[in-house]
Amino acid sequence: MNKEDPYGQFADVMRGAMSTHSRQAVSGLGAVLGTITASGVKLDDFKHEVQDYLVAELPGTLHLPDRELAGAISGISDVANGGTTGTGRFLLQKGEVEEAVWSLGKGLKAGDRVLAMRVNGGNDIVVLCKVVSANA
């Protein structure tokens with residue numbers, strides 16, 4: 001760039017200002033790991049606990065495959081004794097549960113590691129899921 005070119009100097013100043021502004025605008029955004037506490041969530045890259053946060057909820061249709069369950073049976077009437085107990089197998093066919101909701105928040109407890117996302121310009125935190133070690 002020619003030092004005597006005022007348009008080139010202006011372009012350099014604008015480029016630097018836009019770069020700085022863009023870097024500041026996106027810093028602190030994106031996914032981050034955190035830990036659920038007794039009263040909120042502590043993000044790994046933020047020193048304070050966040051008490052007002054959101055938790056993802058996944059509505060939809062739950063598809064269940066054919067499966068077999070074993071369990072106890074009680075209360076079956078027996079002609080001689082009036083009732084009986086025992087064990088049995090239950091064969092369930094595949095099916096769907098309409099309007100099922102998987103509520104992540106009800107399954108989280110203090111100490112759980114989570115993946116969170118900053119939204120609304122970093123003003124809100126949404127906990128997306130619990131994370132665990134692949135070797136656990």
Side-chain angles (χ1 to χ4, degrees):
M1 177 188 86
N2 183 355
K3 296 248 183 214
E4 297 176 16
D5 178 14
Y7 297 109
Q9 290 175 350
F10 178 71
D12 281 345
V13 169
M14 291 300 294
R15 186 178 306 115
M18 292 301 289
S19 177
T20 301
H21 183 69
S22 297
R23 192 171 31 258
Q24 289 173 345
V26 298
S27 68
L29 298 180
V32 62
L33 290 173
T35 304
I36 297 295
T37 65
S39 57
V41 63
K42 168 70 178 74
L43 302 179
D44 290 0
D45 66 352
F46 189 63
K47 72 179 189 175
H48 301 290
E49 175 187 68
V50 178
Q51 294 179 344
D52 185 23
Y53 65 98
L54 305 167
V55 178
E57 187 173 271
L58 306 172
T61 299
L62 177 63
H63 296 272
L64 300 171
D66 288 338
R67 61 211 175 277
E68 179 179 326
L69 301 173
I73 302 171
S74 63
I76 299 173
S77 62
D78 180 0
V79 176
N81 299 323
T84 187
T85 61
T87 60
R89 287 183 23 217
F90 303 92
L91 302 174
L92 305 172
Q93 297 176 343
K94 70 178 180 179
E96 294 181 352
V97 178
E98 296 289 331
E99 299 180 19
V101 175
W102 180 30
S103 297
L104 175 65
K106 294 178 183 174
L108 295 174
K109 57 187 178 297
D112 284 346
R113 296 286 288 157
V114 295
L115 178 64
M117 179 73 74
R118 288 184 178 89
V119 295
N120 296 332
N123 293 320
D124 292 316
I125 304 296
V126 179
V127 173
L128 301 174
C129 63
K130 178 178 173 179
V131 293
V132 295
S133 171
N135 299 322

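- Minimum heavy-atom separation, His63 to Pro65: O-CD, 4.1 Å.
- Looking at every heavy atom in both residues, Arg113 comes nearest to Asp44 through NH2-OD2, 2.8 Å.
- Val55 and Leu115 end up in different hydrophobic clusters when Ile, Leu, Val, Met, Phe, Trp and Tyr side chains are linked at under 4.5 Å.
- Under a hydrophobic-cluster definition in which Ile, Leu, Val, Met, Phe, Trp and Tyr are linked whenever side-chain heavy atoms come within less than 4.5 Å, directly or via other members, Val126 and Phe46 are assigned to different clusters.
- Ala110 approaches Ala38 most closely through the heavy-atom pair CB-N, 3.9 Å.
- Taken together through direct or relayed side-chain contacts under 4.5 Å among Ile, Leu, Val, Met, Phe, Trp and Tyr, Ile36 and Leu54 form parts of separate hydrophobic clusters.
- Here Lys94 contributes atom NZ and Leu64 contributes atom CG; the two are 11.5 Å apart, rounded to the nearest 0.5 Å.
- Atom CG in Leu108 sits 7.5 Å away from atom NZ in Lys130 (nearest 0.5 Å).
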For this session: Tell me, with the steps shown, if Asp66 and Leu92 meet side-chain contact (heavy atoms from CB on, under 4.5 Å).
Result: CA-CA 6 Å; Asp66 288 338; Leu92 305 172; over 6 Å; no
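- To the nearest 0.5 Å, the span separating CD on Glu99 from OG1 on Thr61 amounts to 8.0 Å.
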For this session: Give the C-alpha distance, both sets of side-chain angles, the deciding distance and a yes or no for side-chain contact (heavy atoms from CB on, under 4.5 Å) between Glu57 and Lys106.
Result: CA-CA 10 Å; Glu57 187 173 271; Lys106 294 178 183 174; over 6 Å; no
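- Of the candidates Thr35, Thr37, Val41, Leu43, Glu49 forms a side-chain contact (heavy atoms from CB on, under 4.5 Å) with just one, namely Thr37.
- Within 6.0 Å of the CD atom in Glu68, the count of heavy atoms belonging to other residues, nucleotides or ligands exceeds 12.
- Of all non-hydrogen atoms in Val131 and Val114, the two that sit nearest each other are CG2-N, 3.9 Å.
- Shortest non-hydrogen contact noted between Lys47 and Lys42 is O-CE, 3.4 Å.
- Taking CD of Glu98 as the reference point, atom CG of Leu62 lies at 10.0 Å (rounded to 0.5 Å).
- Asp112 and Gly107 get closest at one heavy-atom pair: OD2-O, 3.9 Å.
- For Gln93, the CD atom is loosely surrounded, since the number of other residues' heavy atoms within 6.0 Å does not exceed 12.
- Atoms CG and CD1, from Asp52 and Ile125 in turn, are 10.0 Å apart once rounded to the nearest 0.5 Å.
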